[in-house]
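Heads up: the structure comes next, in structure tokens.
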There are 2 protein chains.
Amino acid sequence: MAEPMYKEIAQDLRDQIESGALGPGQQLPTEIELRDQYGASRNTIRDAIKRLTSLGLVETRPGQGTFVTQRMEPFVTTLTADTETGLGGGEGDAAFSEVEERGKKPRASKPRVEVQSAAAYIATRLRIAEGTDVVTRRQERYIDGTPWSLQLTAYPMELVERGASDLLKAQDIPGGAVAYLNRTLGLAQIGHRDRILVRSPSQDEALYFKLPDDGRVSVLSLVRTAYRAGPDGPVPFRVTFSVFPADRNQFVINTGDVPKELAEAASDQYFDARNVTKDNATGAE
Amino acid sequence: MAEPMYKEIAQDLRDQIESGALGPGQQLPTEIELRDQYGASRNTIRDAIKRLTSLGLVETRPGQGTFVTQRMEPFVTTLTADTETGLGGGEGDAAFSEVEERGKKPRASKPRVEVQSAAAYIATRLRIAEGTDVVTRRQERYIDGTPWSLQLTAYPMELVERGASDLLKAQDIPGGAVAYLNRTLGLAQIGHRDRILVRSPSQDEALYFKLPDDGRVSVLSLVRTAYRAGPDGPVPFRVTFSVFPADRNQFVINTGDVPKELAEAASDQYFDARNVTKDNATGAE
DNA sequence: GCAAATTTGTTCGTATGTATT
DNA sequence: CAATACATACGAACAAATTTG
């Protein structure tokens, strides 16, 4: 009984949830009922519930009650490119067909195009001088009406000057920008590098994705730099920053020869992964 | 002033932190001082600080004070395989050299080997019947003494029976298990598929990684299924489950031809990524 | 459509415990 | 051992959101 009361209560409720005694979507007893059940004050009960909320196990709805969290059906994005289109990672038309294959309704906003002088984080990745003009194209993606990702792609203005004027149009580029640049400028993408990290959402991101404003749902940030051939090795010509809420997204990376179909459902993945480290922490080195 | 007081106070402190007025590691005023500064009760101040804690912006140390969070230097793992060894994703020796290249001291526990009948989450991925014997090898990895990842790999017992008896030894397999299987059984890995998701840590994982016990730091779960050639397409022969705390890990995926060196530091990555969606949320579709 | 009842949210005061210096 | 700072716990009152009658 070394643990404080609110943690004991939280643990007790947690066990009930994880054992399935309290199923997803089910309502917990009210704070008053729990107060009486556990013989604690309402504030202590609230501390216990706050803990469960922070763990993502329950959510409270003012005027209604406290409910066991219902997991959203995650969507799976394949990060490795289709070798023909050079796409992948939720880009352009490739993302759309991947979504549609799974019986969902994808939608993307019209791109918002801007010409701006490159900030450091863009300039570094495109290996151009800070302040050089770049075209940025911003887009949001939805699946079945739920906001799924935010995306910003930057191209050196030089590509427009050389004839790729459609980059400035606030319209989707049919077949994708990579194919367009190849057609128009003979610019071939020879590879790309993705960089992944997880962080808590900015306030804007939390608002846009309708995430709880206390940062308990992380976002996954994906930065893709695409390269064309150059005399001294690959040269970057495009950088895309994507943001995905971590509670509704999974990612797949295929290397070499792998089966076309995934072996297991996205929803399984979540529960399976928890079993792995069961006794690991206690194990000595 | 629609917002409750504790949120206003939290926002004010948040602005100070994000503007740099309060730098990493710096101590905030004590609860009593903040109470006087803002003219609120101590409990309200504590609510504000709890919010900042949940956002990962500050951490409190009993008896000492509240401090702006110091970010750990993230470590970067390359997920795509070295085509020669077929490794990648923090596996075996490949992981070690990647760590050492960056001037860190890697260490891995001796593998803990078990023979067990395959649970569903292993059997599905190896396409074997549930209950079939599998060899599991568990390992923990450290970088400069900090626990960095937990890993469990499962092989069908059939591989041991066919002669790969070293899989049962509680020792590292020099050159990696993939090379060993190739040497011993002529079993060539032709590809692998990674599956990534982010979730809150289990209690064991939080303990092992010394993460705060309220689940505010997520873990990234990586499931890698490796394939060999078969008459009807790729056949899985190995599945690895890895868990990485999201606050100290980044990942890189190379596709096609890309520069050897990364364009930017791991620590930049974090801050850069936040700038991207600045005005995105407010923008109409 | 409105009022009452229910449920969670916010804020305060107070007392005492625990960790660190 | 004393002082300081955060942690736990209780009680109370009122506010805000939602459902119900």
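Numbered from 1 within each chain, the chains take letters A, B, ... in sequence-line order.
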Distance in angstrom units between [X] [atom1] and [N] [atom2], rounded:
X: A:M5; N: D:dA9; atom1: CE; atom2: C1'; result: 7 Å
X: B:F67; N: C:dT21; atom1: CZ; atom2: C1'; result: 11 Å
X: B:Y6; N: D:dA15; atom1: OH; atom2: P; result: 17 Å
X: B:E3; N: D:dA15; atom1: CD; atom2: P; result: 18 Å
X: A:Y38; N: D:dC10; atom1: OH; atom2: P; result: 14 Å
X: B:L34; N: C:dT11; atom1: CG; atom2: C1'; result: 17 Å
X: A:I32; N: D:dC10; atom1: CD1; atom2: C1'; result: 13 Å
X: B:I9; N: C:dT11; atom1: CD1; atom2: P; result: 8 Å

Under a 4.0 Å heavy-atom cutoff, the residues of residues 45-58 of chain A touching DNA chain D are none

So, is B:T30 close to the D:dT4 phosphate, meaning a side-chain N or O under 4.0 Å from OP1 or OP2?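 For B:T30, the contact criterion (side-chain N or O under 4.0 Å from OP1 or OP2 of D:dT4) is not met.
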
Does NZ or CZ of B:R195 come closer than 6.0 Å to the centre of the six-membered ring of A:F251, within 45° of the ring's axis? no

In terms of side-chain heavy atoms, does [X] have a donor or acceptor partner in [Y] at a distance below 3.5 Å?
X: A:Y6; Y: A:N43; value: no
X: B:Q26; Y: B:Q70; value: no
X: A:Q11; Y: B:Q203; value: yes

Sidechain N-carboxylate O distance under 4.0 Å for [X], [Y]:
X: A:E59; Y: A:R216; value: no
X: B:R199; Y: B:E205; value: yes
X: B:D213; Y: A:R51; value: yes

Which is it for B:F209 and B:F244 under the ring-ring contact (aromatic ring centres under 6.0 Å, His included) test, yes or no, and what are the steps along the way? CA-CA 9 Å; B:F209 289 120; B:F244 304 86; 8.5 Å; no

How do A:T44 and B:P29 order along DNA chain D: which one's closest nucleotide is nearer the 5' end? B:P29

Could you tell me whether the side chain of A:S109 and the main chain of A:E140 form a donor-acceptor pair under 3.5 Å? yes

Selected nucleotide, minimal atom distance to B:P4 side chain, candidates C:dT8, C:dT11, D:dC6: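 The listed nucleotide nearest to B:P4's side chain is C:dT11.
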
Please find the pair of heavy atoms, one from B:M72 and one from B:W148, that lie closest to each other, and give the distance. SD-CH2, 4.5 Å

Could you list, one pair per line, each protein nitrogen or oxygen that sits under 3.5 Å from a nitrogen or oxygen of nucleotides 13-20 of chain C, together with the distance?
from, atom 1, to, atom 2, distance (Å)
C:dG13, N7, B:N43, ND2, 3.4
C:dG13, O6, B:N43, ND2, 2.7

Output one line per pair: protein atom, nucleotide atom from nucleotides 2-5 of chain C, and distance, for all N/O pairs under 3.5 Å.
none

Out of the candidates B:T44, B:I49, B:T60, only one should pair with B:E31 under the side chain to side chain contact (heavy atoms under 4.5 Å, CB included) rule; please name it. B:I49

